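One structure is given below, encoded as structure tokens.
Remember, predicted model here, so these are calculated numbers, not experimental data. We name chains A, B, ... by the order of the sequence lines, and we start the count at 1 in each one.
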Amino acid sequence: MHIPYTTDVRPDTGLTNPKLGIWLFLASEVMLFGSLFSAYALLRSGSTSWPDQSAVLSVPFATLNTVILISSSITMVLAWVAAKAGELRRFRLFMGLTLVLGAAFMVVKAIEYNDKFSHGLLPSTDNFLGLYFTMTGVHAIHVLVGMVVNAYLLWPGSAMFRSDSVRFTNRVEIAGIYWHFVDVVWIFLFPVLYLL
Amino acid sequence: MFLKHFYSTDHKIIGLLYGFTSLFFLLVGFSLVVLIRWQLAYPGEPVPYVGGLLGAANAPGGVILPEFYNQLGAMHGTIMVFLGVVPLAVGAFGNYLIPLQIGAPDMAFPRLNLASYWFYFVGGAIMLGSFLVPGGAANNGWTSYPPLSDLAPGNGQTWWLAGMLCLIFSSLLGALNFITTIVQLRAPGMTWFRLPFFVWAQFVTAFLLLLAFPALQAAALLQGMDRLAGTSFFLPSGLAVSGQPLDVAGGGNALLWQHLFWFLGHPEVYVLILPGMGIVAEVITNNTRKPLWGYRLMVYSLFVLGFLSFVVWAHHMFLTGMGTVISAFFQATTMIISIPSVVILSSLILSLYGGSIRFTTPMLFALAFLPMFGIGGLTGLPLGLATTDIPLHDTNYVVGHFHYLVAPGTIFALFAGIYHWFPRMTGGRMMNDTLGRIHFVGSLICMNVIFLPMFVQGLAGVNRRLWDGGAVYAHAQEVLSLNIPMSMAAFGLAFFQLFFIVNLFLSLRGPRTVTDNPWGATTLEWQTGPVAALRVYRDPYEYSVPGEPTDFLPQNVGPAPRSGPAE
Amino acid sequence: MMEWLGLPPAASAHAAGVDQTMVLVHALMAVLFVGWTIFFTYVLIRFRRTAHRDASYHGLRGRWSTVIEGAVLVAEVALLVFFSVPLWSARVDAFPPEAQSTVVRVVAEQFAWNVHYPGADGRFGRTSLELLGPSNPLGLDRTDPAGRDDITTINQLNLPVNRPVIVHLSSKDMVHSFALPQMRVKQDAIPGIAQPVWFTPTATGRWEIACSQLCGLGHYRMRGFYTIQSPTEYEAWLASEAALIATP
Ligand code: HEA
Ligand code: HEA
Ligand code: CUA
Ligand SMILES: [Cu+2]
């Protein structure tokens with residue numbers, strides 16, 4: 001069955017279906033993370049003792065991860081530009097880089113988690129750590145999902161590059177919008193959990 | 001092959017899958033409540049016939065234990081709301097009808113649509129499976145308030161959380177698909193104000209699902225952490241359970257859950273009712289043979305309702321210790337939100353005026369919806385005023401309030417929809433009218449006999465969720481005996497559903513007796529012809545247009561030649 | 001109409017206000033329901049297919065329904081502004097001074113109501129988790145000077161009539177809800193939150209404390225009693241309880 005407006009813009013709404021779909025999805029994601037941040041605010045404001053966050057967590061690790069994730073957003077944009085320009089090799093390069101950076105983020109995260117565990121700092125230690133693990137954990141799952149999508153576009157999905165390049169570029173764009181969102185969430189998580 | 005239906009991405013097939021699965025869950029939810037009603041009428045007496053099948057851990061000698069009673073209550077609520085009514089109203093009717101009514105070839109994302117069904121299926125399987133885990137299913141109310149739910153022994157509550165996460169994900173996928181479809185795939189000429197009211201209702205519903213459900217998603221994740229990773233998000237310091245201090249970090253907040261839950265919970269109740277209102281609007285216009293009265297005002301009301309439903313949630317929490325200002329805010333929003341409901345209801349009733357009313361089976365259900373919703377909605381008012389909520393909170397009055405809205409309300413609307421669209425969904429088969437009328441009359445009477453006395457009991461101060469129905473309380477004694485006729489009516493209700501079930505299955509195999517458009521309807525789902533060639537020329541309910549030869553003008557019929565050239 | 005609603009007998013100072021609001025809301029509901037039902041029935045009969053073959057395209061003319069909708073809003077706002085909000089604010093803001101009230105603590109647990117009176121000195125003794133035990137469900141520290149004369153009971157709340165009562169409500173484990181139907185009092189007892197409630201009993205009698213919030217398998221039997229006594233009876237009761245502590 002042919003679904004209209006998957007690749008071409010519907011004139012009166014100015015949108016393609018996937019574009020609208022991803023924004024709606026992100027709206028619900030905003031509510032999800034919004035709820036988690038609200039929980040954080042409520043628990044913290046109601047607590048009698050809150051640890052010095054930057055002393056418990058490792059700001060250098062998080063800064064490194066912030067840099068990694070922002071860079072990956074840039075490579076993601078470059079991948080999209082390359083796809084749009086029809087340069088498959090450049091696309092592969094930048095998408096590959098995005099994937100590598102995503103993996104680097106996860107590795108740093110794993111080291112960080114491990115470091116906490118080995119010092120006996122567990123989710124159950126206090127509510128701050130509980131929130132830290134929950135919120136960064138949910139975020140990490142989002143990174144992972146993004147990586148799966150990116151990996152799909154990089155290898156099996158890129159067959160579409162030849163068969164239907166407009167659609168393929170749109171897919172890259174959609175994946176990019178998601179990836180930027182994940183990045184933005186981290187940019188909120190970083191100060192809230194590590195610095196404030 | 002039969003199995004191929006299970007991976008079809010055709011919205012009609014997915015709609016039917018949703019339909020049958022959700023009817024199955026409605027039956028399950030109903031069976032649980034039959035046990036509840038037995039226990040409330042005859043507390044401590046063994047359940048006849050099936051008592052032995054319930055398992056010694058739940059009902060030794062057939063007598064329902066309090067633990068099991070609480071499982072029945074929590075799972076009845078959960079199953080009815082999340083696995084029965086919403087999937088039927090949104091998943092089945094929405095999926096089946098939205099593309100047809102707007103003239104779209106399918107949903108915008110057919111594969112996502114199938115994924116949504118499968119998440120629903122898995123969520124449902126987890127919920128059902130949880131009855132079998134040691135300790136049984138969740139038994140902390142459908143609201144799952146912590147610390148009770150956090151600390152509940154066994155795995156039932158954890159399964160409940162896992163099941164909810166699947167169902168939430170399913171709803172999110174469904175909701176974004178519906179919105180995209182409605183925005184993007186309307187046929188040429190199908191402008192916003194030519195959309196059938198049903199589509200509008202689904203549109204607003206989808207936004208509620210999309211934006212409210214994530215709050216419960218977050219809450220379920222946090223509760224899952226509390227249960228599995230030992231965090232204490234919902235556990236304050238200084239807890240002592242069974243006389244023993246609890247060994248957790250503490251510092252949590254039990255009310256956090258309630259805020260997150262009701263932030264979803266209130267919009268969710270509109271998710272339960274709006275599609276029902278949409279169905280009723282379709283059935284009423286068709287059977288009065290006249291346009292919907294106040295169509296635009298109704299659409300605006302939907303939006304006001306949808307918007308306000310995000311700012312009334314704490315009216316479920318008046319008695320958690322709320323100051324004057326906050327309570328005044330939530331009381332005010334609650335009173336204001338009742339106005340769009342009044343507008344929609346009034347418009348539906350006024351639509352009847354001047355009609356030529358056909359009392360078909362679907363119309364009977366749709367008509368009964370109006371006063372039943374009236375009772376349910378009106379009894380929301382004393383709950384919405386904090387002062388009168390003091391004596392009524394968590395009594396059977398609340399149970400009566402919402403059942404009038406969901407049972408003779410939404411369930412009737414859904415029945416109306418099934419009888420109405422059955423010929424469309426089965427390619428020209430009709431459901432038996434006599435059986436349908438028996439089903440209607442029996443259900444209407446039984447529902448009222450079950451739910452009306454709940455107000456009496458509630459006003460007398462009888463609490464909800466009591467294993468013995470309040471038998472230990474002196475103040476309940478006067479109204480306790482009502483439980484027996486109420487439960488009898490519940491068993492009667494079950495009996496009358498047999499007429500529906502038999503009718504449904506017989507009619508599915510019955511002959512194709514009617515034409516494509518047996519009700520003489522104007523909306524697109526009844527019109528034949530290739531989708532690609534569809535073009536919409538007129539408002540959704542052009543019935544009895546003066547000077548026209550037929551009493552209905554389908555949306556895709558162009559202007560008559562005498563009033564100008566076509567197109 | 002008060003009797004029709006079948007509320008439990010009212011025995012507190014603010015109950016009349018609650019009941020009056022209850023009656024007014026139900027009157028509004030009844031008017032709307034009866035009005036609409038009459039119209040509805042009329043329309044169904046008047047415009048049935050056999051009596052009215054040709055539907056009118058325009059249907060009802062005029063916008064009098066808007067007037068009704070406006071009137072409903074006005075009535076609701078009036079109920080809110082003149083009844084519910086003032087009554088509520090009196091409940092939660094206008095607490096009487098503790099010196100002129102009977103002050104008790106009620107601590108809910110699965111599935112009982114622990115009552116804690118400050119005793120003759122008017123001060124509550126320290127309580128602590130470590131001291132919890134089968135014979136000391138409140139964890140009351142008897143070595144604390146303020147706690148020596150404290151009176152504790154389980155599932156029995158005695159109160160003097162015609163004097164404001166302040167109950168400091170909390171919970172040890174789950175969310176419970178402290179309901180005194182005849183007082184028109186209900187308040188959730190939430191662990192981690194100490195919530196005061198106040199009311200003035202105006203009639204003597206012995207009634208039940210009900211738990212209104214699902215709190216586990218024994219929720220249905222989490223029943224206590226409360227007795228509203230004349231001041232002399234109440235003093236006598238306090239004295240007899242105090243004597244029990246003095247001679248352990
Ligand atoms: C479909 C579901 C649904 C709907 C639509 C509503 C609608 C409303 N609800 Fe209800 N509600 C629930 C489902 C619903 N509710 C559930 C499930 C609970 C309990 C959850 C739990 O604790 O387990 C609950 C609980 C609940 C509470 C908490 C009570 C308590 O726990 O103490 C409150 C308090 O404000 C409330 C208020 C309202 C109000 C003011 C409306 C208003 O929107 C209603 C407005 C409608 C009208 C005013 C009717 C107008 C109609 C007419 C005038 C026409 C009459 C017609 C004829 C006679 C033909 N509801
Ligand atoms: C949509 C929601 C919904 C629906 C439809 C119902 C329907 C019914 N409910 Fe339910 N109920 C709740 C939501 C709902 N309930 C919730 C949320 C609670 C609170 C739980 C809690 O305490 O946490 C509750 C609690 C509740 C209680 C209180 C328990 C307690 O406080 O201890 C009672 C008691 O009588 C009750 C009774 C009924 C009855 C008799 C029906 C009847 O109306 C049922 C009628 C059902 C049908 C008419 C189904 C028809 C369908 C079929 C027959 C399918 C046919 C199948 C095939 C063709 C395959 N319910
Ligand atoms: Cu305590 Cu219910
Ligand atoms: Cu609500």
Considering only heavy atoms from C-beta outward, does the side chain of [X] approach that of [Y] to under 4.5 Å?
X: C/Asp188; Y: B/His393; value: yes
X: B/Tyr69; Y: B/Leu40; value: yes
X: C/Met174; Y: B/Leu151; value: yes

Roughly how far, to the nearest 0.5 Å, is the CG atom of B/Asn253 from the CZ atom of B/Phe234?
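CG of B/Asn253 is found 9.0 Å from CZ of B/Phe234.
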Under 3.5 Å: donor-acceptor pair, side chain of C/Arg105, backbone of C/Phe124
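Pair absent, no side-chain N/O of C/Arg105 close to backbone of C/Phe124.
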Distance-only, no hydrogens or angles: does the B/Ser237 side chain make a donor-acceptor pair with backbone N or O of B/Gly250 under 3.5 Å?
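No.
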Most contacts with chain B, counted as non-hydrogen pairs under 4.5 angstrom, among [options]:
options: C/Arg184, C/His219, C/Met29; result: C/Met29
options: C/Leu217, C/Val77, C/Leu60, C/Val25; result: C/Leu60
options: C/Trp207, C/Trp36, C/Phe40, C/Tyr57; result: C/Tyr57
options: C/Val185, C/Thr37, C/Ile190, C/Ile193; result: C/Ile190
options: C/Leu169, C/Val175, C/Leu80, C/Val85; result: C/Leu80
options: C/Arg221, C/Arg53, C/Met183, C/Gln213; result: C/Gln213

Proximity breakdown for [X] and chain C, heavy-atom pairs closer than 4.5 Å:
X: B/Leu370; answer: side chain
X: B/Leu297; answer: side chain
X: B/Thr379; answer: both
X: B/Tyr145; answer: side chain
X: B/Ile339; answer: side chain
X: B/Trp293; answer: side chain

[X] versus chain B, heavy atoms under 4.5 Å apart: side chain, backbone, both or neither?
X: C/Trp88; value: both
X: C/Pro181; value: side chain
X: C/Gln187; value: both

Looking at chain C, which one of B/Ile336, B/Val456, B/Leu148, B/Leu466 has the largest number of heavy-atom pairs inside 4.5 Å, strictly under?
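Most heavy-atom pairs under 4.5 Å with chain C: B/Leu148.
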Select, from B/Gly251, B/Gly141, B/Ser327, B/Gly243, the one with the greatest count of heavy-atom pairs under 4.5 Å involving chain C.
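Top option by heavy-atom pairs under 4.5 Å: B/Ser327.
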Check the pair B/Met335 / C/Leu79 against side-chain contact (heavy atoms from CB on, under 4.5 Å), numbers first and verdict last.
CA-CA 10 Å; B/Met335 290 301 114; C/Leu79 281 167; over 6 Å; no
So, for C/Phe47 and C/His52, is the gap between ring centers shorter than 6.0 Å?
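Ring centres of C/His52 and C/Phe47 closer than 6.0 Å.
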Working note: C/Gln156 + C/Thr227, criterion side chain to side chain donor-acceptor pair (under 3.5 Å); need CA distance, chi angles, decisive distance, verdict.
CA-CA 8 Å; C/Gln156 175 61 48; C/Thr227 312; 2.8 Å; yes
Quick one: is the NZ or CZ of C/Arg206 closer than 6.0 Å to the six-membered ring centre of C/Phe225, and within 45° of its axis?
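Satisfied, under 6.0 Å and within 45°.
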